[in-house]
Protein chains: 2
Amino acid sequence: MTEVLVVDDEPSMLRALHLNLTARGYQVITAEDGTSALNKFGLHEPAVVVLDLGLPDIDGLDVIRAIRTGSQVPILVLSARVGSNDKVAALDLGADDYVTKPFDMNELLARLRAATRRGSPDAGRRKVVAFADVTVDLDSKQVLVAGEPVHLTRTEWHLLELLLHNPEKLITSRQLLIALRGQPDHTDPSYLRIYMAQLRKKLEPDPARPKHLLTEPGMGYRFTS
Amino acid sequence: MTEVLVVDDEPSMLRALHLNLTARGYQVITAEDGTSALNKFGLHEPAVVVLDLGLPDIDGLDVIRAIRTGSQVPILVLSARVGSNDKVAALDLGADDYVTKPFDMNELLARLRAATRRGSPDAGRRKVVAFADVTVDLDSKQVLVAGEPVHLTRTEWHLLELLLHNPEKLITSRQLLIALRGQPDHTDPSYLRIYMAQLRKKLEPDPARPKHLLTEPGMGYRFTS
DNA sequence: CGCGCTCCTCACGACTTCCTCACGGCACCC
DNA sequence: GGGTGCCGTGAGGAAGTCGTGAGGAGCGCG
């Protein structure tokens, strides 16, 4: 049973897709804006995402970026924008396919099959990251510190996952906020600091002088092993 | 150097693709019919295939079938047939994408990038600029001087990024000020000088005699490696 | 209905960064 | 030679950012 997340702000389109996809045996999760899309993505971890670019709250390209910072899930973009600029931008940000509205439903389903077919082969490999006396199993979502299992809350885990998926790479506060909450601005920037502090308290040997979960002042955060 | 096999029976189309692909750094192999396409595929083992469906000898769908029996190479189908039946057939036979003629070259190139990106798992295209004993990773936003990481503030990084994105090119103070602050005028021009000085202090071997972060008196600044 | 857990906001020092100002050097021109 | 821009450098206050502790609101669960 393949789970697919469908994101579109038009209810009629959402209904049409829901109907056709469930008829083909997919399990469908729907979202009408970027915030709930990212939320539901984090909760369900679907096998494929169908994403309309024209969302009311967040730019669709930012949604792609947010998903891609933490996942390789196939993304099929659905858009009314026919210009090649949008296509190139979306594809280069990590989208796997780009279909312009109006579209043929059979074609869309075929493209969806093509996208999921690719994603499946490497689903079985096990990713484990280790640093200091910490071991993180990204598959089973388990964290061991000095051999002892440590419990992380959902948000803590989500944040850690984002950082670990991009080792040595700086992730801006904006990216993190979009991925965690969907809202890039209007949010108290101290939000991130609390969770970084909690992660460090649980994972770093000396939380006051972090060696792996680093702050880049004015820029964002970076994980390094 | 990525090898790409381009199959099309129209010489003009073949030439156009050859031209654009070599310009982007691909190594191009061409074929004008299905037989030689399969021959050359077996010989060269390209990293990606661009395939026109309308071939003189073999049906394009059969070419896909033949390739797929022995390889998972990404296949991008190029076709004048716009009907959804052909698309569905090609995609379900194992094609990775389907573009209808006429097409936008930039879109095709982006789809090609998307297709190849999937094939090589960690295809993190790292953009790295190096000069003197400095290494700048534009993707992960990291700067190394003599192997040691150096911390840049947000504005310093922003300025460096602008210069590095336009190597050997003069950028006017006005452009830089707009990019950094949004206010082209009303600003003390010494503002820029402070940050250039700090960048040079951190990156140039002899900050007093810069060799890479150059001043063009009365005009602006220029980066040269 | 109470309890525990998690999410999220607020408030406060400590620190970093931004930005302005003032001064000295250099090149060019009259 | 003196004047005039323009550039580089140092210093310092204003403003923003980070880390941390405390605590209320929402939610699932027994």
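No experiment lies behind these values; they were computed from the predicted model shown. We name chains A, B, ... by the order of the sequence lines, and we start the count at 1 in each one.
Spacing between atom CZ of Arg200(B) and atom P of dT9(D) amounts to 7 Å, rounded to whole angstrom units. Taking atom NZ of residue Lys201(B) and atom P of nucleotide dT9(D), one finds them 7 Å apart after rounding to whole Å. Between Leu192(A) atom CG and dT9(C) atom C1' the separation is 14 Å, expressed in whole Å. Atom CD of Glu216(A) and atom P of dG16(D) are 22 Å apart (whole Å). Leu180(B) places its CG atom 16 Å from the C1' atom of dT20(C), with the value rounded to the nearest Å. Protein atom OH of Tyr221(A) is 9 Å distant from nucleotide atom C1' of dT17(D), rounded to whole Å. Rounded to a whole Å, the CG atom of Leu152(B) is 10 Å from the P atom of dT17(C). If you take CE of Met196(B) and P of dC18(C), they are 15 Å apart, rounded to a whole angstrom.
A sub-4.0 Å separation between OP1 or OP2 of dC18(C) and a side-chain N or O of Tyr191(B) is absent. For dC5(C), the OP1/OP2 oxygens have no side-chain nitrogen or oxygen of His151(A) closer than 4.0 Å. Remark: Ser190(A) is not in phosphate contact with dG19(D), judged by side-chain N or O atoms under 4.0 Å from OP1 or OP2. Contact annotation: Thr153(A) does not reach the phosphate of dC5(C) (side-chain N/O to OP1 or OP2, under 4.0 Å).
Taking only side-chain atoms of Ile194(B), from C-beta outward, the nucleotide of dT16(C), dG10(D), dG19(D) with the closest atom is dG10(D). Among the nucleotides dT20(D), dT20(C), dC7(D), the one closest to the side chain of Arg193(B) is dC7(D). Listed candidates were dC19(C), dC7(D), dC18(D). Nearest to the side chain of Thr215(B) is dC7(D). The listed nucleotides are dC7(C), dT20(C), dT9(D); the one nearest the side chain of Thr155(A) is dC7(C).
Under the 3.5 Å distance criterion, with hydrogens and angles disregarded, no donor-acceptor pair is assigned to the side chains of Asn106(A) and Ser84(B). With 3.5 Å as the limit, one finds a donor-acceptor pair spanning the side chains of Glu168(A) and Thr224(A). A donor and an acceptor atom, one from each side chain of Ser79(A) and Tyr98(A), are located under 3.5 Å apart. Judged by distance alone, the side chains of Ser140(A) and Asp137(A) do bring a donor and an acceptor atom under 3.5 Å apart.
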Evaluation steps, side-chain hydrogen bond (donor to acceptor under 3.5 Å, both in side chains), between Arg200(B) and Thr215(B)
CA-CA 11 Å; Arg200(B) 295 206 253 242; Thr215(B) 303; 3.2 Å; yes

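Within a 6.0 Å radius of CE in Met219(B), other residues, nucleotides and ligands contribute 12 heavy atoms or fewer.
Nucleic acid contact class of His158(A) (heavy atoms, under 4.0 Å, all strands): none.
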Are any protein N/O atoms closer than 3.5 Å to N/O atoms in nucleotides 25-30 of chain C? If there are, list each pair with its distance.
none

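Atom CG in Leu91(A) sits 8.0 Å away from atom CD1 in Ile64(A) (nearest 0.5 Å).
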